[in-house]
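Have a look at the structure below before the remarks.
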2 protein chains.
Amino acid sequence: MSVTKTNAEKPEVGRAGILNAAASLFCQHGYGGVSLRAIAEAAGIKAGSIYYHFASKDAIVTEILDAGILSVHDEARAAVEALPNDTTPDAIFRAAVRGHLHALLEHGDYTSANVRIFGQVPPAVRDANLPVRKAYEKYLDDLLSDLQATGAIREGVSLSRLRLLLIGALNATLEWFDPEQGGAEALADDYADTFLNGILNKTGDNT
Amino acid sequence: MSVTKTNAEKPEVGRAGILNAAASLFCQHGYGGVSLRAIAEAAGIKAGSIYYHFASKDAIVTEILDAGILSVHDEARAAVEALPNDTTPDAIFRAAVRGHLHALLEHGDYTSANVRIFGQVPPAVRDANLPVRKAYEKYLDDLLSDLQATGAIREGVSLSRLRLLLIGALNATLEWFDPEQGGAEALADDYADTFLNGILNKTGDNT
DNA sequence: AAATTAACCTAACAAGTGTTAGGTAGGTAG
DNA sequence: CTACCTACCTAACACTTGTTAGGTTAATTT
């Protein structure tokens, strides 16, 4: 799905251009802060023309929300599936984190928009996004469950909370990620390491 | 600051009532999705009356954003200061997490509003919030720095990234926290434990 | 060449928005 | 009792918003 990559140099025309423009604007100004006139202008057309492609503002939003989740799900799954068969549990965890962050930070207007405006949209729009949302959650739940079954996850870690913590932490990178300070890749490694090993010094030998 | 506690039973009148109503509505609908008429109605007055108390919509927002950060800062600091003098590094970390989550989840319309709309508000409003924001960040940076100086934090953990990860993860609880499944306290303990010890099973004896 | 289609434009509509200026009424101070 | 203050109300304003219906034009199909 090439629409998930925002091309800043030459605005896409037509339907894709409208979605791209809208996703970007929703990230910046929230759901209610973006008018159809603003979207149209960013897409290089006039507001009334949007109705040739979409039935309503909410039809645009609905599509963006879905694309945002599908994108991150696809990349996390692809990263994990690209691993060799005899991969270690922690490498699997790292891959999922890497995939998620890559989608979010490098191709992220759609996913960013989802993260930022999901809680603001009208209930019907929110409900419409639930199926793809739950599918991704299930994917991660299953992945963590598999890791646990290998004995890789220590006792006392609640998987449901872990998944919520993980997604929440990863999505929060949106607010401050700066590519100048290392790319999504380096950040993913760092994050995964923190989640896997914690921050406590257990060896007592670096004081 | 009693205004940070939303009282659902009897709306506060006057200035505090406006702030409370606005904070709650911004959480639900974002910055642009909340009109002065909606705020006024929730506060039990008419929209024009808001101008007796506030110069503009943005004056309301500015005040809510600041209160949101101050609240969480105060509670984190209070939780840490309440500890005995010979407290362990991990207990200090736990206290900070507990304070933050308590402010966020139990008294949280103001902080929630900050988390949710900071990225959407006009640049001038955002800039106005930066001083109190940076003060809290510095507080956490210093706390983590002190922990590191005791040797409690393992080598390889980047403090700046850790602080960002921590705040991000904690604030993300807003999207899914459900008091029916244990209070903020239990969640704080769980989260702190995950951050401190990681999720990897290092002992290999629970397979 | 005429008809059709895709992708826009335009003007207008009804409703909504932040704000202003003038007014009201109850309570308090002198 | 009068004057002042607080905390609202109201009507109006200029502008904005999502949407609609009718129109245009270039490209393609018949």
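The sequence lines fix the lettering, A, B, ..., with proteins before strands; numbering per chain opens at 1.
From the 5' end on, the contacts that DNA chain C makes with chain B at under 4.0 Å to a non-hydrogen atom open and close at dT17(C) to dT20(C).
Rounded to an integer number of Å, the gap from CZ of Arg37(B) to C1' of dT17(D) is 14 Å. What separates CG of Leu36(A) from C1' of dT16(D) is a distance of 12 Å, to the nearest Å. To the nearest angstrom, P of dT17(D) lies 11 Å from CD1 of Ile39(A). Protein atom NZ of Lys46(A) is 15 Å distant from nucleotide atom C1' of dT24(D), rounded to whole Å.
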Extract all donor-acceptor atom pairs below 3.5 Å that involve side chains of residues 160-167 of chain A and protein atoms in other chains or at least two apart in sequence.
unit_1    : atom_1 : unit_2    : atom_2 : d
Ser160(A) : OG     : Ser158(A) : OG     : 3.3
Arg161(A) : NH1    : Asp190(B) : OD2    : 3.0
Arg161(A) : NH2    : Gln181(B) : O      : 3.3
Arg163(A) : NE     : Asp141(A) : OD1    : 3.0
Arg163(A) : NH2    : Asp141(A) : OD2    : 3.3

Distance-only criterion, 3.5 Å: show the donor-acceptor pairs between side-chain atoms of residues 128-138 of chain A and protein atoms not counting sequence neighbours.
unit_1    : atom_1 : unit_2    : atom_2 : d
Asn129(A) : OD1    : Asn114(A) : ND2    : 3.1
Asn129(A) : OD1    : Arg133(A) : NH1    : 3.4
Asn129(A) : ND2    : Leu65(A)  : O      : 3.3
Asn129(A) : ND2    : Asp66(A)  : OD1    : 2.7
Arg133(A) : NH1    : Asn114(A) : OD1    : 2.8
Tyr136(A) : OH     : His100(A) : ND1    : 2.6
Lys138(A) : NZ     : Asp142(A) : OD2    : 2.7

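By the 4.5 Å heavy-atom criterion applied to side chains, Tyr110(B) and Ile69(B) are not counted as neighbours. A heavy-atom distance below 4.5 Å is found between the side chains of Ile39(A) and Phe26(A). Ile153(A) has its side chain out of reach of Leu200(B): every pair of non-hydrogen atoms, C-beta onward, lies at least 4.5 Å apart.
In terms of the side-chain contact (heavy atoms from CB on, under 4.5 Å) criterion, residue partners of Arg126(B) (sequence neighbours excluded) are, by chain and number, Phe118(B), Val121(B). With sequence neighbours excluded, the residues forming a side chain to side chain donor-acceptor pair (under 3.5 Å) with Glu75(A) are His102(A), listed by chain and number. The ring-ring contact (aromatic ring centres under 6.0 Å, His included) check on Tyr139(A) picks up His73(A), with sequence neighbours excluded. Shown here are the side chain to side chain donor-acceptor pair (under 3.5 Å) partners of Asp146(A), two or more places apart in sequence or in another chain: there are none.
Distance alone, capped at 3.5 Å, places no donor-acceptor pair between the Arg15(B) side chain and the Phe54(B) backbone. Between the side chain of Ser71(A) and the main chain of Gly68(A), no donor-acceptor pair closer than 3.5 Å is present.
Judged by Watson-Crick or G-U wobble contacts below 3.5 Å, the nucleotide dG30(C) has dC1(D) as its partner.
Contacts between residues 117-129 of chain A and DNA chain D, defined by a heavy-atom separation below 4.0 Å, involve no residue at all. A heavy atom lying under 4.0 Å from DNA chain D marks the following residues of residues 25-35 of chain A, by number: Val34(A), Ser35(A). A heavy atom closer than 4.0 Å to some atom of DNA chain D occurs in Gly48(A), Tyr51(A), Ser56(A), these being the qualifying members of residues 47-56 of chain A.
Applying the side-chain hydrogen bond (donor to acceptor under 3.5 Å, both in side chains) rule to pairs touching residues 36-58 of chain A yields Tyr31(A)-Asp58(A), sequence neighbours excluded. Sorted by first then second residue, the side-chain hydrogen bond (donor to acceptor under 3.5 Å, both in side chains) pairs that include residues 84-93 of chain A, not counting sequence neighbours, are Thr88(A)-Asp90(A).
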